[in-house]
Amino acid sequence: MSPLNFTHILTQAVDELSESESYKGLFLQHTDGNPLPSAKALCDIVDLARAIIFPGYFGKSTVNSRTVTYHIGVNVERLFDLLTGQILAGLCFGGDGECSCCTEHQREEAASIAVTFISHLPEMRRMLATDVEAAYNGDPAAHSFGEVISCYPAIRAISNYRIAHELLTLGVPLIPRIITEMAHSETGIDIHPGAQIGSHFTIDHGTGVVIGETCVIGNNVKLYQGVTLGAKSFPLNEDGKPIKGIPRHPILEDNVIVYSNATILGRITIGRDATVGGNIWVTENVPAGARIVQTKAKK
């Protein structure tokens with residue numbers, strides 16, 4: 001085939017790809033001067049937040065008790081700048097395929113949200129400290145808190161979740177979901193930022209865990225790999241489309257343990273101190289203190 005024929009084929013492909021009907025619903029119309037969400041900036045934000053929450057384990061390895069205030073101060077300043085920009089990008093992002101023009105009010109709102117988020121980092125550290133403790137106490141293979149912080153995928157996924165959940169609570173669109181999906185790609189643990197999760201939460205091994213948007217998880221809850229906390233069905237509107245935002249995922253009360261590959265579906269409650277065995281399907285309430293396991297087949 002001659003180079004002239006190549007040119008014709010490429011030109012035709014460009015023309016077809018530029019047809020408005022071909023990219024309907026797939027095209028983000030950008031307004032000059034508006035920020036766009038950046039995967040690189042969001043990775044930097046998560047890295048900075050981890051370096052602030054777990055000083056010495058992430059970020060500068062030279063941090064010590066004499067320099068910790070300096071390092072945290074530098075990281076907080078950079079976090080504020082990056083976070084303000086990404087929050088603004090989220091506020092300006094239009095779900096209808098067009099970035100709305102950013103206003104001065106949105107710029108001020110983005111900075112205010114970033115300040116509020118940073119002011120909540122001490123509480124976030126307190127919560128993540130309980131998650132590290134739960135992972136360490138729940139795994140005889142863990143030799144130190146440092147090993148848990150440095151190595152365990154659950155801590156990476158849960159820290160992304162707690163960062164994203166705080167941003168979602170503060171009214172930031174889009175950005176929280178990107179942050180939890182980054183952890184999903186890295187660890188295989190899928191936690192929606194809208195889930196509500198208490199203290200001392202841990203996920204053993206972690207791969208394949210799914211926690212849906214409207215899940216409510218109490219304190220001292222432990223999940224094993226492959227657990228799904230999902231929706232049983234999706235109520236539809238008059239147009240046949242799923243109704244958004246309604247409670248449709250399970251509630252796990254305090255001290256619940258769910259073993260590997262269990263599937264818990266629908267707005268049901270797993271009562272306090274209950275245990276759900278592995279490889280079972282649960283669609284009804286489980287009483288407090290109950291132990292639900294597979295029944296043995298009769299011979």
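Along the sequence shown, the residues carry numbers beginning at 1.
Atoms CD1 and OG, on Ile149 and Ser144 in that order, are 8.0 Å from each other to the nearest 0.5 Å. Taking OG1 of Thr228 as the reference point, atom CG of Leu223 lies at 10.0 Å (rounded to 0.5 Å). Here the CD1-CG distance, from Ile268 to Leu252, works out to 8.5 Å after rounding to the nearest 0.5 Å. Expressed to the nearest 0.5 Å, how far CG of Asn285 lies from CD1 of Ile251 amounts to 8.5 Å. Going from atom CZ of Arg156 over to atom SG of Cys151 covers 9.0 Å, rounded to the nearest 0.5 Å. Remark: Ile113 CD1 to Glu166 CD distance equals 11.0 Å, nearest 0.5 Å.
When atom types are taken as modelled, the side chain of Arg162 and the backbone of Ala157 share no donor-acceptor pair closer than 3.5 angstrom. Formation of a donor-acceptor pair under 3.5 Å by the Glu147 side chain with backbone atoms of His143 is found in this model. For the pair Glu123 (side chain) and His120 (backbone), a donor-acceptor distance under 3.5 Å is absent. Between the side chain of Ser119 and the main chain of Thr116, a donor-acceptor pair closer than 3.5 Å is present. Under the 3.5 Å distance criterion, the side-chain polar atoms of Asp239 are left unmatched by any main-chain donor or acceptor of Lys241. No donor-acceptor distance shorter than 3.5 angstrom exists from the side chain of Ser112 to the backbone of Glu108, with no hydrogens or angles considered. Without hydrogens or angle criteria, Asp273 side chain to Ala288 main chain gives no donor-acceptor distance under 3.5 Å. With hydrogens and angles ignored, the 3.5 Å screen pairs a side-chain donor or acceptor of Gln294 with a backbone N or O of Asn279. Proximity of a side-chain donor or acceptor of Arg125 to a complementary backbone N or O of Ile53 within less than 3.5 Å is detected. No donor-acceptor pair under 3.5 Å is formed between the side chain of Asn219 and the backbone N or O of Asp254.
Residues Thr275 and Tyr259 come closest through the heavy atom pair CG2-CE1, 3.6 Å. Heavy atoms only, all atoms of each residue included: Ala262 and Val258 are closest at CB-CG1, 3.6 Å. Between Pro250 and Leu265, the shortest heavy-atom distance links the atoms CG-N, 4.4 Å. Pairing each heavy atom of Val63 with each of Val68, the nearest pair is CG2-CA, 3.6 Å. The two residues Ala154 and Ile189 have their closest heavy-atom pair at CA-CD1, 3.9 Å. Closest of all the heavy-atom pairs between Ala195 and Ile211 is CB-CG2, 3.9 Å.
In the hydrophobic clustering of this structure, Ile270 groups with Ile292; members are Ile, Leu, Val, Met, Phe, Trp, Tyr whose side-chain heavy atoms approach within less than 4.5 Å, directly or through other members. Leu42 and Leu167 fall within a single hydrophobic cluster, where Ile, Leu, Val, Met, Phe, Trp and Tyr are joined by side-chain heavy atoms under 4.5 Å apart, directly or via other members. Criterion: ILVMFWY side-chain heavy atoms under 4.5 Å apart, direct or through other members. Under it, Leu121 and Ile158 are part of a common hydrophobic cluster. Cluster membership check: Met127 does not share its hydrophobic cluster with Ile203, using side-chain heavy-atom separations under 4.5 Å among Ile, Leu, Val, Met, Phe, Trp and Tyr. Placement of Val46 and Leu174 within a single hydrophobic cluster is found when ILVMFWY residues are connected by side-chain heavy-atom separations under 4.5 Å, directly or transitively.
Val132 has its side chain out of reach of Tyr152: every pair of non-hydrogen atoms, C-beta onward, lies at least 4.5 Å apart. Side-chain contact between Ile217 and Gln196 is absent, with no heavy-atom pair separated by less than 4.5 Å. Taking the side chain as every heavy atom from C-beta outward, Cys92 and Gln106 approach each other to under 4.5 Å. Taking the side chain as every heavy atom from C-beta outward, Cys43 and Met182 approach each other to under 4.5 Å. Between Ile155 and Val148 the shortest side-chain heavy-atom distance falls below 4.5 Å. Contact check for Thr103 versus Arg107: no side-chain heavy atoms found under the 4.5 Å cut-off. When side chains are defined from C-beta on, Leu79 counts as touching Ile52, because their heavy atoms get closer than 4.5 Å. When side chains are defined from C-beta on, Val286 does not count as touching Thr269, because their heavy atoms never get closer than 4.5 Å.
For the salt bridge (Lys or Arg N to Asp or Glu O under 4.0 Å) test, residues two or more places apart in sequence or in another chain that qualify with Asp204 are Lys222. Every residue two or more places apart in sequence or in another chain was checked for a ring pair (Phe, Tyr, Trp, His ring centres under 6.0 Å) with Tyr70, and none qualifies.
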message: For Leu88 and Glu109: C-alpha separation, side-chain torsions, deciding distance, then whether side chain to side chain contact (heavy atoms under 4.5 Å, CB included) applies.
response: CA-CA 8 Å; Leu88 181 61; Glu109 184 182 4; over 6 Å; no
task: Report the C-alpha distance between Thr214 and Ile246 in whole Å, list the side-chain angles of each, state the deciding distance to 0.1 Å, and finish with yes or no for side chain to side chain contact (heavy atoms under 4.5 Å, CB included).
output: CA-CA 8 Å; Thr214 62; Ile246 61 172; over 6 Å; no
- request: For side chain to side chain contact (heavy atoms under 4.5 Å, CB included), just list the numbers for Val293 and Arg291, CA-CA rounded to whole Å, side-chain angles, deciding distance to a tenth of an Å, and then say yes or no.
  value: CA-CA 6 Å; Val293 296; Arg291 184 170 179 267; 4.1 Å; yes
task: Report the C-alpha separation of Asn220 and Arg272 in whole Å, then their side-chain angles, then the decisive distance to 0.1 Å, and conclude whether the side-chain hydrogen bond (donor to acceptor under 3.5 Å, both in side chains) test is met.
output: CA-CA 10 Å; Asn220 197 35; Arg272 182 184 178 92; over 6 Å; no
- request: For Asn137 and Thr202, run side chain to side chain contact (heavy atoms under 4.5 Å, CB included): C-alpha distance rounded to whole Å, both residues' side-chain angles, the deciding distance at 0.1 Å, then the answer.
  value: CA-CA 10 Å; Asn137 290 337; Thr202 189; over 6 Å; no
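Residue Glu77 places its CD atom among 12 or fewer non-hydrogen atoms of other residues, nucleotides or ligands, all under 6.0 Å distant.
Between Arg78 and the options Leu82, Asp81, Asn75, a side-chain contact (heavy atoms from CB on, under 4.5 Å) holds for only Leu82.
For the residue pair Asn261 and Tyr224, no side-chain donor N or O sits within less than 3.5 Å of a side-chain acceptor on the partner. There is a side-chain donor-acceptor pair under 3.5 Å between Glu181 and His184.
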